[in-house]
Amino acid sequence: MSKPSIPQGTRDFNAEVVQKRQYIFQTIRSVFELYGFQPLETPAMENLDTLMGKYGEEGDKLIFKILNNGLDNPQKKDQIMEGYEKVLAGKNSTAITERALRYDLTIPFARYVAMNQGQLVFPFKRYQIQPVWRADRPQKGRYREFYQCDADIVGSESLINEVDLVAIYISAFEKLNLPVEIKINNRKILLALAQICGGEDKLIDLTIAIDKLDKIGWEKVKEELNNKGFNESQQSIVETYLNISGSNAEKLSKLAALLGNNEHGAKGIEELNYVLDYHKATGMQKHLVADFTLARGLNYYTGIIFEVKALDAQMGSIGGGGRYNDLTSLFGVPNIPGVGISFGVDRIYDVMEEKNLFPESINKAAQVLFFNLGVAEAKVAYAQMMQLRAKKIACEMYPEKSKFDKQFKYAEKKGIHNIVIIGADELSNACCNIKNLATGKQTTVQFQDLPNFQF
RNA sequence: GAGGGCGUAGCUCAGUAGGUUAGAGCGACAGUUUGUGGCACUGUAGGCCGUGGGUUCGAGACCCAUCGUUCUCCCCA
């Protein structure tokens with residue numbers, strides 16, 4: 001038999017890791033709930049058509065598809081062979097695969113809203129914390145199975161929602177003690193830029209190119225623009241656009257000058273100003289950075305977009321989101337605008353681990369270990385232990401009679417801070433000896449006083 | 001999808017230029033020590049050197065393939 005293994009890009013989480021991850025989940029969840037969001041869960045798998053075509057060409061390739069059952073059914077052979085031909089040609093076939101693992105939480109949410117629009121109370125605010133799967137090649141900070149924590153609001157165009165989501169980001173990362181900056185931009189501004197530099201249809205080429213700026217530098221971006229058919233004067237507008245610097249207010253006024261009276265540009269700037277202005281009053285403004293190079297890969301965004309970057313850490317974005325004005329129309333229900341954000345828990349974990357930001361207190365080992373010193377002793381000890389458990393003190397008893405040495409080491413390795421010794425001597429005196437492993441201090445306590453002992 | 005690094009004991013790794021019976025530290029187990037741990041000392045167990053082929057008198061080492069893993073690019077959280 002070969003050595004056991006798990007699929008590439010997936011992980012097992014041991015007790016310590018689970019507790020740390022739960023700490024992140026719990027922190028984010030509590031903030032979501034504080035802001036009036038309610039939970040939703042959707043299935044791990046969706047129908048393939050629900051997902052295809054929603055994430056761009058690259059995204060489609062990264063969707064994990066599930067092979068249909070019953071492919072060995074001889075009655076369906078012709079259908080299946082025909083489907084296989086389509087697959088070989090790079091197309092999808094429901095004869096071969098009709099389900100896939102979810103790629104993110106936003107599209108399943110849009111699907112849910114479209115299916116349940118009659119029942120939902122709008123504006124509908126939901127949060128969702130579940131794993132997603134991507135058939136990407138794993139590398140640092142990138143896994144094939146990872147969790148997202150999303151909060152979305154649909155059925156409202158108000159920018160107060162954007163304001164609220166920024167506040168969620170900032171307060172959640174403050175609670176986690178993780179310093180971040182929230183980059184903010186607007187797809188309308190990118191659209192305006194595209195209109196000025198050769199037309200709306202260039203929007204995607206343009207955003208892909210400028211998104212690479214901090215990675216490859218202006219010269220390479222210029223080259224890419226050139227290859228995509230942008231002329232010299234258009235390239236120089238883009239260069240001016242990318243070189244805008246200063247405080248948020250300065251950047252926005254310089255941008256306004258560059259975009260002139262372009263309608264989308266003016267709207268985009270106005271929206272950014274609205275959000276920044278609201279957060280002057282909350283004091284959260286200092287975490288917000290207007291960044292016109294921010295583009296985001298997903299093409300369903302239409303308004304303000306966000307991305308969260310951990311400060312002083314070698315890690316890509318640890319969260320992102322934005323406004324999508326018509327996501328449910330993909331499922332035949334038009335005119336439900338929405339805006340949402342996502343936390344990348346696995347990357348947040350990696351950054352917090354690297355920077356040592358987890359509090360000591362999240363280790364949830366039992367507080368007390370009862371020694372097992374024989375049949376009669378264990379029976380009495382067990383009854384005493386149950387009284388402590390009734391007081392919500394986490395306890396366990398060593399399951400077999402073993403040498404002191406061994407039982408001590410067990411407690412030490414599991415991080416249990418107190419041991420209770422009930423041996424023959426204690427038994428005859430109806431008492432026990434409690435030893436604190438950190439201090440080495442030992443106390444003799446009568447059985448009737450044990451439940452009230454302060455560990 | 002493209003390219004690089006690494007696979008030796010449970011873990012972290014040595015293993016010189018190809019040469020007898022593949023090593024260390026940590027961990028595990030046992031003992032010194034049958035009711036008071038952490039230290040120390042002694043001992044024991046544990047390896048198809050990722051897998052398959054090839055070169056050679058001889059391969060853990062060299063070559064090819066394959067699988068796994070990790071990193072970079074693309075893209076993304």
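Every heavy atom of this structure was used, including side-chain atoms; hydrogens, water molecules and symmetry mates were not. Every chain is numbered from 1, with letters handed out A, B, ... down the list of sequences.
There is no side-chain donor-acceptor pair under 3.5 Å between A:Ser342 and A:Asp104.
Within 4.0 Å (heavy atoms only), A:Ser342 reaches no atom of the nucleic acid at all. A:Gln407 comes within 4.0 angstrom of nothing in the nucleic acid, heavy atoms only. Among the protein residues, A:Leu373 comes within range of no part of the nucleic acid, since none of its heavy atoms lies under 4.0 Å from any strand. Heavy atoms of A:Gly423 sit under 4.0 angstrom from at least one base atom.
At B:U36, none of the side-chain N or O atoms of A:Lys403 fall inside 4.0 Å of OP1 or OP2 (strictly under the cut-off). OP1 or OP2 of B:U72 lies within a sub-4.0 Å distance of a side-chain N or O belonging to A:Gln139.
Atom C1' of nucleotide B:A77 and atom OH of A:Tyr55 are separated by 13 Å, given to the nearest angstrom. If you measure from atom CZ of A:Arg137 to atom P of B:G68, you get 11 Å, rounded to the nearest angstrom.
When both distances must be under 3.5 Å, the Watson-Crick or G-U wobble mate of B:C48 does not exist. Base-pair partner of B:U72: B:A2 (Watson-Crick or G-U wobble, both distances under 3.5 Å).
Using a 4.0 Å cut-off between charged nitrogen and carboxylate oxygen, A:Arg142 and A:Asp136 count as a salt-bridge pair. Looking at A:Arg126 and A:Asp152, a side-chain N of the basic residue comes within less than 4.0 Å of a carboxylate O on the acidic one, giving a salt bridge.
The gap from the C1' atom of B:A40 to that of B:U51 amounts to 44 Å, rounded to the nearest Å. Separating the P atom of B:C39 from that of B:A22 is a span of 32 Å, rounded to the nearest Å.
In this structure, A:Glu426 and A:Tyr143 both approach RNA chain B, and ranking their closest nucleotides by distance from the 5' end singles out A:Glu426.
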